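Computation of the quantities below employed the complete heavy-atom set of this structure, encompassing side-chain atoms and omitting hydrogens, waters and symmetry-equivalent molecules. Below, chain A is the first sequence line, B the second, and so on; all start at residue 1. Everything numeric here is computed off the predicted structure, so don't read it as measured data.
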Protein chains: 2
Amino acid sequence: MATIRDVAKLAGVSVATVSRVLNQNGYVNEETEKRVRQAMKELNYKPSEVARALFKKTSKTIGLIVPDITNPFFPELVRAVEDVMNIYDYTVILCNSDEKTDKEKEYIEVLKQKYVDGIILTTNQLQLDEVSEWDIPVVVLDRPLSRSYPSVIADNYGGARLATKHLYDTGCRKIAHIQGPPHVVNAIERFRGYRDEMMERGLWDERLIISGNYQLKQAKEAVIEALNKYDIDGIFAGNDAMAVGALKAVQQLGLRVPDDIAIIGYDGIPLTEMTTPELSTISQPIYEMGAIAARILIKKIEGKPLEKLHYVLPVELVVRQSTRKGE
Amino acid sequence: MATIRDVAKLAGVSVATVSRVLNQNGYVNEETEKRVRQAMKELNYKPSEVARALFKKTSKTIGLIVPDITNPFFPELVRAVEDVMNIYDYTVILCNSDEKTDKEKEYIEVLKQKYVDGIILTTNQLQLDEVSEWDIPVVVLDRPLSRSYPSVIADNYGGARLATKHLYDTGCRKIAHIQGPPHVVNAIERFRGYRDEMMERGLWDERLIISGNYQLKQAKEAVIEALNKYDIDGIFAGNDAMAVGALKAVQQLGLRVPDDIAIIGYDGIPLTEMTTPELSTISQPIYEMGAIAARILIKKIEGKPLEKLHYVLPVELVVRQSTRKGE
DNA sequence: ATGAAAGCGCTAACAT
DNA sequence: ATGTTAGCGCTTTCAT
């Protein structure tokens, strides 16, 4: 790899001059500039981002911490972040935290050591005070962390009400809800939406709550158990994977979807179009969430003011076969 | 952030000594070491990886270039790479190339500027001569690039024969194949396996070949068209997404899977367990592929000899409802 | 066993 | 308009 000295020597100028044309600051003669550019091309010179980072304390790199890229909700989110960051010449270090506080903290340390310019964080675990020590721009994505950091989330409460109401509108009255893990804020919000909607309609019944952990298998078993005990004609699953679990449970018991039991999921991942019947769901603007978070982070990095600190994006009801009775 | 000078000052020693305890090289008095460690702790000192990288020309970072993390085949691969790299204290920069040569080249330039220690590459596009210029360790993953780079792939040819034979064994005789994109080496290998198996059994018929591009929708339409024209009793899809497309096509035409038409996919992604009926597939050891590629890369980076240059991992037939007739 | 000094490749005053 | 110099935070000779 050629260095700036090589270029300077070949062009017969000082290193400073090369730096000037490189960064387009300061004055440099047109003639000289040409020679320098020529030399750079000849040597195929690319400045060392590392040396730059050392001097400027900025690396054109950000960290993106997600629980698990293997969870089908995250690939699109990650892709969005990468796409936007790419436009602004940033590079993305991907970190899987498995929702473990320790791993998150370790990653954050490492990221800081590498002079990343900012971090996008998808987490529930970290406490406010732990976060506030970081002297580095942070944006919180998908799950609200605290009031003090910019955040991008979707309207979980509203989406849950929408889902519940939709089941009601299709004629369901005994609507069960498969909850997500109790420590995940999103899951709690969705539960609240379900509860309020049910209460307002006088349909609330604690026995209709099924405990889930966002996983297909566990949800399937829990639903089988619930269906054997209680009378249920609709299921609102806390995410799409659990909706598939519910679907499999219902089918295994020889019941029909949607005619005996209607099912709606949450998230709107591609998977929902691949089942038979296809699943109704509350679709989150996943790509947009990632893209907005990335844009906000860049603004913070560049020290520009944010129009808004907290973004709550609208969700959308997607009606498919699993809630379309009698078709 | 505290620097090494701060630590040295606080401990009352020279910078060199701090560096020595940091890297555990050279001799340092036990007493002194204690004082230094104490000072490091007090200041919560973490060495700057950037300064280190500048000196050592190594950054404890690798680049991972995949076509599109949104394609459900890749999250697990990425996760595996990250997991292994994490053990060895490497960090992973994720790059989505969309299979575009330009994007790949740009990323490689950027990665080199950042002094990444190595690159794991999933691609078909780059030519041998373009690659060979890179003065940096490279491992090729999932798709063979050239003989000169270490590679980790699965046995696509053998898997395709296995899939075809399985359909034959379940009684299918008019077995169609949905091909993947013609420029993807994997897809070609799978096609070859299918062709050879069909020929050996005297079942070969060019009209049974359906063109696909690894996408669900396109495959679905192509299958509908094919089913309307020809008599088909089994479908071997070049990947799982297209198998879902085939499933939907068959169901839409009012035919039964597997009794009228048996279907088998390829890859073994989780999705195959979520459809109804669940899909038979050729399962690739995705996680293992990623993990091995990561281990190889580390060996290359550390200058250790490789036991093997090219890894071809075995695949496995997974039989599910979509090929289990009469149950 | 420890310190002093040079240098990794770049940028930004300051000088000319 | 260009060159000289110091320094980002670290590691590694070379002295002592």
B:N71 side-chain N/O to B:F73 backbone N/O, donor-acceptor pair under 3.5 Å: yes
Electrostatic pair A:K56-A:D117, nearest N-O below 4.0 angstrom: no
Nucleotide C:dG3, atom P - distance to NZ of B:K9 in whole Å: 14 Å
Distance-only polar pair, side chains of B:E109 and B:Q113, donor-acceptor under 3.5 Å: no
Check: A:D68 side chain, A:T70 main-chain N or O, donor-acceptor pair, under 3.5 Å: yes
Footprint string (nucleotides 6-16 of chain C, 5' to 3'): B base within contact, S backbone only, - free, heavy atoms under 4.0 Å: -BBBSBB----
Residue pair B:T61 / B:K114, side-chain donor-acceptor N/O under 3.5 Å: no
Residue pairs involving residues 13-29 of chain A (criterion salt bridge (Lys or Arg N to Asp or Glu O under 4.0 Å); sequence neighbours excluded): none
Nucleotides bounding contact with chain B, strand DNA chain D, heavy-atom threshold 4.0 Å: D:dG9 to D:dT12
Test log, rule salt bridge (Lys or Arg N to Asp or Glu O under 4.0 Å), inputs B:E49 and B:K60: CA-CA 8 Å; B:E49 283 300 333; B:K60 284 286 180 185; over 6 Å; no
Step-by-step salt bridge (Lys or Arg N to Asp or Glu O under 4.0 Å) determination, B:E33 to B:R37: CA-CA 6 Å; B:E33 173 159 354; B:R37 291 208 182 281; 3.0 Å; yes
